**Student:** 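Take a look at this one; I'll ask things after.
Since the model is a prediction, treat every value here as computed from it, not as a measurement.
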Amino acid sequence: MAGTKEIRDHIASIQETQKITNAMYLIASTKLRKTRRDLEKTRNYFNALQGEIKRIFRYVGDDVESPFFYPPDNPGPLEGTYGCLVITADKGLAGSYNQNVIREARRLLERHPDTKFYVVGEYGRHFFRRHDLPIDLDFRYSAQDPTLNRARKISSDLLDAYLSGELKEIYVAYTDMENSLVSSARLTRRLPFHRGDLTVPAREKPVTEPFDFIPSVAAALNNVMHSYITGFVYGALVDSFCSEQNARMTAMDAANRNAEKLLGELSLQYNRVRQAAITQEITEISAGAVAQRRKHGKEA
(Lines give C-alpha, C1' and ligand atoms only; values in the text may rest on other atoms or scores of the structure.)
Protein backbone atom coordinates (compact mmCIF):
# COMPACT_ATOMS: atom_id res chain seq x y z
CA MET A 1 0.00 0.00 0.00
CA ALA A 2 1.26 3.50 -0.88
CA GLY A 3 2.35 5.72 1.98
CA THR A 4 1.01 9.15 2.83
CA LYS A 5 3.81 10.93 0.94
CA GLU A 6 3.13 9.04 -2.30
CA ILE A 7 -0.60 9.75 -2.02
CA ARG A 8 0.01 13.47 -1.35
CA ASP A 9 2.28 13.67 -4.40
CA HIS A 10 -0.38 11.95 -6.52
CA ILE A 11 -3.06 14.38 -5.31
CA ALA A 12 -0.82 17.37 -6.07
CA SER A 13 -0.13 16.05 -9.57
CA ILE A 14 -3.84 15.65 -10.33
CA GLN A 15 -4.59 19.14 -9.02
CA GLU A 16 -1.93 20.63 -11.32
CA THR A 17 -3.38 18.74 -14.29
CA GLN A 18 -6.86 19.94 -13.35
CA LYS A 19 -5.68 23.56 -13.56
CA ILE A 20 -4.63 22.91 -17.18
CA THR A 21 -7.90 21.21 -18.15
CA ASN A 22 -9.92 24.03 -16.57
CA ALA A 23 -7.91 26.61 -18.52
CA MET A 24 -8.37 24.69 -21.79
CA TYR A 25 -12.11 24.47 -21.17
CA LEU A 26 -12.40 28.23 -20.66
CA ILE A 27 -10.26 29.03 -23.73
CA ALA A 28 -12.31 26.67 -25.93
CA SER A 29 -15.60 28.18 -24.75
CA THR A 30 -14.36 31.71 -25.52
CA LYS A 31 -13.20 30.75 -29.01
CA LEU A 32 -16.49 28.97 -29.68
CA ARG A 33 -18.62 32.03 -28.85
CA LYS A 34 -16.44 34.38 -30.92
CA THR A 35 -16.34 32.16 -34.01
CA ARG A 36 -20.09 31.50 -34.01
CA ARG A 37 -20.70 35.26 -33.97
CA ASP A 38 -18.39 35.67 -36.97
CA LEU A 39 -20.23 32.94 -38.85
CA GLU A 40 -23.63 34.50 -38.23
CA LYS A 41 -22.41 37.79 -39.72
CA THR A 42 -21.66 36.17 -43.10
CA ARG A 43 -24.02 33.19 -43.31
CA ASN A 44 -26.99 35.29 -44.47
CA TYR A 45 -24.99 36.61 -47.42
CA PHE A 46 -24.04 33.19 -48.71
CA ASN A 47 -27.56 31.85 -48.17
CA ALA A 48 -28.86 34.72 -50.27
CA LEU A 49 -26.20 33.96 -52.89
CA GLN A 50 -27.43 30.37 -53.14
CA GLY A 51 -30.93 31.70 -53.60
CA GLU A 52 -29.78 33.91 -56.48
CA ILE A 53 -28.22 30.90 -58.22
CA LYS A 54 -31.55 29.13 -57.98
CA ARG A 55 -33.29 32.20 -59.38
CA ILE A 56 -31.01 32.09 -62.42
CA PHE A 57 -31.94 28.48 -63.04
CA ARG A 58 -35.60 29.21 -62.53
CA TYR A 59 -35.37 31.88 -65.21
CA VAL A 60 -33.24 30.16 -67.88
CA GLY A 61 -33.92 26.50 -67.05
CA ASP A 62 -31.21 23.85 -66.74
CA ASP A 63 -29.87 24.28 -70.29
CA VAL A 64 -26.77 26.22 -69.24
CA GLU A 65 -23.23 25.36 -70.26
CA SER A 66 -20.97 25.63 -67.23
CA PRO A 67 -17.89 23.72 -66.01
CA PHE A 68 -19.40 23.72 -62.52
CA PHE A 69 -22.16 21.26 -63.50
CA TYR A 70 -22.18 17.69 -64.74
CA PRO A 71 -22.59 17.46 -68.53
CA PRO A 72 -26.19 16.73 -69.54
CA ASP A 73 -25.13 13.46 -71.19
CA ASN A 74 -23.03 12.33 -68.20
CA PRO A 75 -24.71 13.00 -64.83
CA GLY A 76 -21.73 11.47 -62.95
CA PRO A 77 -19.69 10.15 -61.38
CA LEU A 78 -16.80 11.21 -63.63
CA GLU A 79 -13.59 9.32 -64.34
CA GLY A 80 -10.29 10.82 -63.22
CA THR A 81 -8.63 12.24 -60.12
CA TYR A 82 -10.82 13.45 -57.29
CA GLY A 83 -9.84 16.15 -54.82
CA CYS A 84 -10.94 16.14 -51.19
CA LEU A 85 -10.58 19.02 -48.75
CA VAL A 86 -10.17 17.48 -45.28
CA ILE A 87 -10.61 19.86 -42.34
CA THR A 88 -9.00 18.66 -39.10
CA ALA A 89 -7.59 20.38 -36.01
CA ASP A 90 -4.04 21.52 -35.34
CA LYS A 91 -3.88 19.39 -32.19
CA GLY A 92 -5.67 16.61 -30.36
CA LEU A 93 -7.35 16.59 -26.94
CA ALA A 94 -10.74 16.87 -28.63
CA GLY A 95 -12.21 13.41 -28.24
CA SER A 96 -12.94 11.66 -31.54
CA TYR A 97 -13.27 14.90 -33.53
CA ASN A 98 -10.26 14.33 -35.80
CA GLN A 99 -10.74 10.61 -36.27
CA ASN A 100 -14.35 11.01 -37.39
CA VAL A 101 -13.35 13.38 -40.21
CA ILE A 102 -10.43 11.20 -41.28
CA ARG A 103 -12.76 8.19 -41.37
CA GLU A 104 -15.03 9.98 -43.85
CA ALA A 105 -12.04 10.86 -46.05
CA ARG A 106 -10.81 7.27 -46.07
CA ARG A 107 -14.23 6.07 -47.15
CA LEU A 108 -13.91 8.22 -50.23
CA LEU A 109 -10.44 6.77 -50.87
CA GLU A 110 -11.83 3.23 -50.63
CA ARG A 111 -14.58 4.11 -53.10
CA HIS A 112 -12.31 6.01 -55.49
CA PRO A 113 -8.57 5.18 -55.05
CA ASP A 114 -7.50 7.98 -57.41
CA THR A 115 -8.12 10.71 -54.84
CA LYS A 116 -5.81 13.53 -53.78
CA PHE A 117 -6.28 15.10 -50.36
CA TYR A 118 -5.91 18.77 -49.41
CA VAL A 119 -5.60 18.78 -45.64
CA VAL A 120 -6.25 21.69 -43.27
CA GLY A 121 -4.79 21.23 -39.78
CA GLU A 122 -1.54 19.79 -38.45
CA TYR A 123 -3.21 16.73 -36.93
CA GLY A 124 -4.54 15.62 -40.31
CA ARG A 125 -1.28 16.30 -42.14
CA HIS A 126 0.71 14.21 -39.66
CA PHE A 127 -1.84 11.39 -39.91
CA PHE A 128 -1.88 11.33 -43.71
CA ARG A 129 1.92 11.42 -43.97
CA ARG A 130 2.31 8.70 -41.36
CA HIS A 131 -0.08 6.41 -43.24
CA ASP A 132 1.35 7.24 -46.71
CA LEU A 133 -1.93 8.64 -48.02
CA PRO A 134 -1.87 10.90 -51.12
CA ILE A 135 -1.80 14.55 -49.99
CA ASP A 136 -0.74 17.87 -51.48
CA LEU A 137 2.36 18.77 -49.46
CA ASP A 138 2.27 22.40 -50.63
CA PHE A 139 -1.25 22.88 -49.26
CA ARG A 140 -0.54 24.11 -45.72
CA TYR A 141 -3.27 25.95 -43.85
CA SER A 142 -3.92 26.22 -40.13
CA ALA A 143 -7.27 25.30 -38.64
CA GLN A 144 -7.07 28.01 -36.00
CA ASP A 145 -9.18 31.18 -36.25
CA PRO A 146 -10.67 30.69 -39.76
CA THR A 147 -11.19 33.84 -41.82
CA LEU A 148 -12.93 34.67 -45.08
CA ASN A 149 -9.60 35.65 -46.61
CA ARG A 150 -8.21 32.18 -45.88
CA ALA A 151 -11.33 30.59 -47.33
CA ARG A 152 -10.79 32.56 -50.56
CA LYS A 153 -7.23 31.27 -50.84
CA ILE A 154 -8.27 27.66 -50.23
CA SER A 155 -11.15 27.81 -52.70
CA SER A 156 -8.86 29.48 -55.26
CA ASP A 157 -6.37 26.60 -55.01
CA LEU A 158 -9.12 24.02 -55.42
CA LEU A 159 -10.85 25.85 -58.27
CA ASP A 160 -7.57 26.29 -60.18
CA ALA A 161 -6.97 22.54 -60.03
CA TYR A 162 -10.58 21.84 -60.99
CA LEU A 163 -10.84 24.28 -63.90
CA SER A 164 -7.48 23.16 -65.29
CA GLY A 165 -8.77 19.59 -65.50
CA GLU A 166 -6.40 18.23 -62.85
CA LEU A 167 -9.36 17.34 -60.64
CA LYS A 168 -12.65 15.98 -61.96
CA GLU A 169 -14.65 16.18 -58.74
CA ILE A 170 -14.12 18.00 -55.44
CA TYR A 171 -15.34 16.79 -52.05
CA VAL A 172 -15.18 18.37 -48.59
CA ALA A 173 -14.81 16.33 -45.40
CA TYR A 174 -15.66 18.46 -42.38
CA THR A 175 -17.62 18.48 -39.12
CA ASP A 176 -21.01 20.13 -39.08
CA MET A 177 -22.06 21.56 -35.72
CA GLU A 178 -25.84 21.36 -35.84
CA ASN A 179 -26.21 22.67 -32.29
CA SER A 180 -24.33 22.74 -29.00
CA LEU A 181 -25.10 19.06 -28.41
CA VAL A 182 -24.91 17.49 -31.88
CA SER A 183 -21.91 17.50 -34.25
CA SER A 184 -21.43 15.07 -37.12
CA ALA A 185 -18.62 14.44 -39.61
CA ARG A 186 -19.77 14.83 -43.21
CA LEU A 187 -18.42 14.14 -46.69
CA THR A 188 -20.13 16.24 -49.35
CA ARG A 189 -19.46 16.74 -53.05
CA ARG A 190 -19.09 20.41 -53.98
CA LEU A 191 -18.08 20.20 -57.64
CA PRO A 192 -19.52 19.53 -60.08
CA PHE A 193 -23.18 20.10 -59.22
CA HIS A 194 -26.08 18.06 -60.50
CA ARG A 195 -28.28 20.26 -62.65
CA GLY A 196 -31.34 18.96 -60.84
CA ASP A 197 -30.02 20.35 -57.53
CA LEU A 198 -30.90 23.91 -58.54
CA THR A 199 -33.93 23.48 -60.77
CA VAL A 200 -37.38 24.83 -59.99
CA PRO A 201 -39.37 22.83 -57.40
CA ALA A 202 -42.80 21.79 -58.62
CA ARG A 203 -44.60 23.95 -56.02
CA GLU A 204 -42.79 27.14 -57.06
CA LYS A 205 -43.73 29.38 -59.95
CA PRO A 206 -41.07 30.10 -62.58
CA VAL A 207 -39.54 33.58 -62.66
CA THR A 208 -41.19 35.75 -65.30
CA GLU A 209 -39.44 39.08 -64.68
CA PRO A 210 -36.88 39.89 -67.38
CA PHE A 211 -33.19 39.48 -66.51
CA ASP A 212 -30.23 40.93 -68.40
CA PHE A 213 -27.05 38.85 -68.20
CA ILE A 214 -23.88 40.64 -69.30
CA PRO A 215 -21.92 39.32 -71.10
CA SER A 216 -23.87 36.03 -70.88
CA VAL A 217 -25.75 33.73 -68.54
CA ALA A 218 -22.81 31.32 -68.33
CA ALA A 219 -20.35 34.11 -67.48
CA ALA A 220 -22.59 35.50 -64.75
CA LEU A 221 -23.22 32.04 -63.31
CA ASN A 222 -19.51 31.14 -63.31
CA ASN A 223 -18.69 34.38 -61.48
CA VAL A 224 -21.34 33.73 -58.84
CA MET A 225 -20.19 30.12 -58.37
CA HIS A 226 -16.71 31.27 -57.31
CA SER A 227 -18.25 33.26 -54.46
CA TYR A 228 -20.58 30.40 -53.59
CA ILE A 229 -17.70 27.89 -53.29
CA THR A 230 -15.76 30.38 -51.16
CA GLY A 231 -18.79 30.76 -48.90
CA PHE A 232 -19.18 27.03 -48.48
CA VAL A 233 -15.47 26.56 -47.67
CA TYR A 234 -15.66 29.37 -45.11
CA GLY A 235 -18.76 27.83 -43.54
CA ALA A 236 -17.06 24.41 -43.40
CA LEU A 237 -13.95 25.91 -41.77
CA VAL A 238 -15.99 27.74 -39.13
CA ASP A 239 -18.34 24.82 -38.46
CA SER A 240 -15.33 22.52 -38.04
CA PHE A 241 -13.55 24.99 -35.75
CA CYS A 242 -16.68 25.38 -33.61
CA SER A 243 -17.09 21.60 -33.47
CA GLU A 244 -13.45 21.25 -32.43
CA GLN A 245 -13.88 23.71 -29.57
CA ASN A 246 -17.13 22.07 -28.51
CA ALA A 247 -15.48 18.62 -28.57
CA ARG A 248 -12.54 19.97 -26.57
CA MET A 249 -14.90 21.48 -24.00
CA THR A 250 -16.64 18.12 -23.66
CA ALA A 251 -13.32 16.29 -23.31
CA MET A 252 -11.98 18.74 -20.72
CA ASP A 253 -15.23 18.64 -18.76
CA ALA A 254 -15.05 14.84 -18.66
CA ALA A 255 -11.41 15.08 -17.55
CA ASN A 256 -12.36 17.46 -14.74
CA ARG A 257 -15.13 15.16 -13.53
CA ASN A 258 -12.76 12.19 -13.58
CA ALA A 259 -10.17 14.23 -11.68
CA GLU A 260 -12.73 15.14 -9.00
CA LYS A 261 -13.70 11.51 -8.66
CA LEU A 262 -10.08 10.40 -8.42
CA LEU A 263 -9.28 13.13 -5.89
CA GLY A 264 -12.16 11.94 -3.74
CA GLU A 265 -10.89 8.37 -3.83
CA LEU A 266 -7.32 9.44 -3.08
CA SER A 267 -8.45 11.66 -0.19
CA LEU A 268 -10.34 8.73 1.32
CA GLN A 269 -7.31 6.48 0.84
CA TYR A 270 -5.02 9.13 2.36
CA ASN A 271 -7.23 9.47 5.45
CA ARG A 272 -7.31 5.70 5.90
CA VAL A 273 -3.51 5.40 5.60
CA ARG A 274 -2.98 8.34 7.96
CA GLN A 275 -5.47 6.91 10.47
CA ALA A 276 -3.77 3.53 10.26
CA ALA A 277 -0.38 5.17 10.89
CA ILE A 278 -1.78 7.08 13.90
CA THR A 279 -3.38 3.92 15.29
CA GLN A 280 -0.10 2.05 14.87
CA GLU A 281 1.83 4.81 16.66
CA ILE A 282 -0.69 4.79 19.56
CA THR A 283 -0.45 1.01 19.76
CA GLU A 284 3.34 1.14 19.84
CA ILE A 285 3.32 3.86 22.53
CA SER A 286 0.83 1.90 24.65
CA ALA A 287 2.85 -1.28 24.28
CA GLY A 288 6.02 0.61 25.26
CA ALA A 289 4.31 2.08 28.33
CA VAL A 290 3.11 -1.36 29.43
CA ALA A 291 6.60 -2.76 28.95
CA GLN A 292 8.10 0.06 31.02
CA ARG A 293 5.63 -0.50 33.87
CA ARG A 294 6.43 -4.19 33.91
CA LYS A 295 10.14 -3.44 33.95
CA HIS A 296 9.80 -1.03 36.89
CA GLY A 297 7.62 -3.52 38.77
CA LYS A 298 10.25 -6.22 38.49
CA GLU A 299 12.98 -3.85 39.69
CA ALA A 300 10.84 -2.84 42.71
Side-chain angles (χ1 to χ4, degrees), residues 35 46 66-70 76-92 94 96-177 184-193 222-223 225-244 247:
T35 309
F46 291 110
S66 174
F68 296 102
F69 295 86
Y70 282 113
L78 302 177
E79 296 295 331
T81 303
Y82 289 2
C84 182
L85 175 65
V86 184
I87 303 176
T88 64
D90 287 333
K91 56 186 178 181
S96 60
Y97 166 79
N98 291 298
Q99 291 300 323
N100 290 339
V101 178
I102 292 173
R103 188 181 301 112
E104 293 296 325
R106 300 191 76 167
R107 288 177 182 172
L108 175 62
L109 185 63
E110 293 173 358
R111 189 170 71 246
H112 190 86
D114 188 9
T115 299
K116 186 177 183 180
F117 294 101
Y118 299 81
V119 184
V120 174
E122 287 297 329
Y123 186 99
R125 279 193 288 271
H126 289 317
F127 180 91
F128 277 73
R129 283 200 298 265
R130 189 167 60 249
H131 291 81
D132 296 324
L133 297 176
I135 63 172
D136 188 333
L137 298 177
D138 296 328
F139 190 88
R140 303 180 65 85
Y141 291 97
S142 171
Q144 294 295 312
D145 300 324
T147 62
L148 190 56
N149 185 48
R150 188 183 305 167
R152 290 193 184 99
K153 294 179 180 178
I154 293 174
S155 61
S156 178
D157 292 341
L158 296 176
L159 286 172
D160 288 345
Y162 176 77
L163 295 175
S164 67
E166 179 184 348
L167 302 176
K168 296 299 182 181
E169 295 188 7
I170 292 181
Y171 291 77
V172 180
Y174 70 106
T175 306
D176 181 25
M177 185 175 177
S184 57
R186 293 187 177 181
L187 176 68
T188 178
R189 189 192 70 255
R190 283 297 92 192
L191 291 174
F193 287 94
N222 292 344
N223 186 46
M225 291 302 297
H226 279 79
S227 297
Y228 176 69
I229 296 300
T230 298
F232 182 86
V233 170
Y234 177 67
L237 289 172
V238 173
D239 270 339
S240 296
F241 186 71
C242 290
S243 299
E244 175 196 347

**Student:** Determine the interplanar angle of the Phe139 and Tyr118 rings, folded into 0 to 90°, and report it as parallel if under 30°, tilted if 30 to 60°, perpendicular if over 60°.
**Tutor:** perpendicular
**Student:** Quick check for you: to the nearest 0.5 Å, what is the distance between Ile87 atom CD1 and Thr175 atom OG1?
**Tutor:** 8.0 Å
**Student:** Which pair of non-hydrogen atoms, one from Tyr82 and one from Leu78, has the smallest distance, and what is that distance?
**Tutor:** OH-O, 2.7 Å
**Student:** Looking at residues at least two apart in the chain, or sitting in another chain, which of them share a salt bridge (charged side-chain N to carboxylate O under 4.0 Å, His left out) with Asp157?
**Tutor:** none
**Student:** When Arg152 is tested against each of Thr147, Ile229, Thr230 for side-chain contact (heavy atoms from CB on, under 4.5 Å), which residue passes?
**Tutor:** Thr230
**Student:** Taking it one step at a time, do Leu237 and Tyr174 satisfy side-chain contact (heavy atoms from CB on, under 4.5 Å)?
**Tutor:** CA-CA 8 Å; Leu237 289 172; Tyr174 70 106; over 6 Å; no
**Student:** Begin with the C-alpha distance, continue with both residues' side-chain angles, and end with the deciding distance and a verdict on side-chain contact (heavy atoms from CB on, under 4.5 Å) for Val119 and Thr88.
**Tutor:** CA-CA 7 Å; Val119 184; Thr88 64; 4.3 Å; yes
**Student:** Measure the spacing between CD of Glu169 and CG of Asp114 and express it to the nearest 0.5 Å.
**Tutor:** 11.5 Å
**Student:** To the nearest 0.5 angstrom, please state how far the CE atom of Met225 sits from the OG atom of Ser227.
**Tutor:** 10.0 Å
**Student:** Where the side chain of Thr81 meets the backbone of Leu167, is there a donor-acceptor pair that is under 3.5 Å apart?
**Tutor:** no
**Student:** Between CG of Leu85 and CG of Asp136, what distance do you get to the nearest 0.5 Å?
**Tutor:** 11.0 Å
**Student:** Report yes if the side chains of His226 and Leu163 come closer than 4.5 Å at any heavy-atom pair, otherwise no.
**Tutor:** yes
**Student:** Indicate yes or no: at least one non-hydrogen side-chain atom of Glu166 is less than 4.5 angstrom from one of Lys116.
**Tutor:** yes
**Student:** In Å and rounded to the nearest 0.5 Å, what is the CD1 to CG distance from Ile154 to Leu159?
**Tutor:** 12.0 Å
**Student:** Between Ala236 and Val172, which heavy-atom pair has the shortest distance, and what is it?
**Tutor:** CB-CG1, 4.2 Å
**Student:** Can you see which heavy atom on Ser142 is nearest to which on Arg150, and at what distance?
**Tutor:** O-NH1, 2.8 Å
**Student:** Minimum heavy-atom separation for Ile170 to Leu158, with atom names?
**Tutor:** CD1-O, 3.6 Å
**Student:** Does the side chain of Glu244 reach to within under 4.5 Å of the side chain of Gln144, using non-hydrogen atoms?
**Tutor:** yes
**Student:** Give a yes/no verdict on a cation-pi contact between Arg190 and Phe232, requiring under 6.0 Å between NZ or CZ and the six-membered ring centre and an angle within 45° of the axis.
**Tutor:** yes
**Student:** Backbone N or O of Arg106 within a donor-acceptor pair of the Arg103 side chain at under 3.5 Å?
**Tutor:** no
**Student:** Please give me the minimum heavy-atom distance between Phe117 and Ala105, naming the atom from each residue.
**Tutor:** CZ-O, 3.5 Å
**Student:** Are the side chain of Tyr97 and the backbone N or O of Ser240 linked by a donor-acceptor pair below 3.5 Å?
**Tutor:** yes
**Student:** Under a 4.5 Å cut-off applied to non-hydrogen side-chain atoms, are Val86 and Val101 in contact?
**Tutor:** yes
**Student:** Could you tell me which residues satisfy salt bridge (charged side-chain N to carboxylate O under 4.0 Å, His left out) with Glu104, sequence neighbours excluded, listed by chain and number?
**Tutor:** Arg107
**Student:** Can you name the nearest heavy-atom pair linking Asn98 to Ala89, along with the distance?
**Tutor:** OD1-N, 2.9 Å
**Student:** Under 3.5 Å, is there a donor on one side chain and an acceptor on the other for Asp176 and Ser184?
**Tutor:** no
**Student:** Apply the test side-chain contact (heavy atoms from CB on, under 4.5 Å) to residues Leu187 and Cys84: give CA-CA distance (whole Å), side-chain angles for both, the deciding distance (0.1 Å), then the verdict.
**Tutor:** CA-CA 9 Å; Leu187 176 68; Cys84 182; 4.0 Å; yes
**Student:** Do the side chain of Arg125 and the main chain of Tyr141 share a donor and acceptor less than 3.5 angstrom apart?
**Tutor:** yes
**Student:** So Ile102 and Phe128, do their side chains get closer than 4.5 Å, heavy atoms only?
**Tutor:** yes
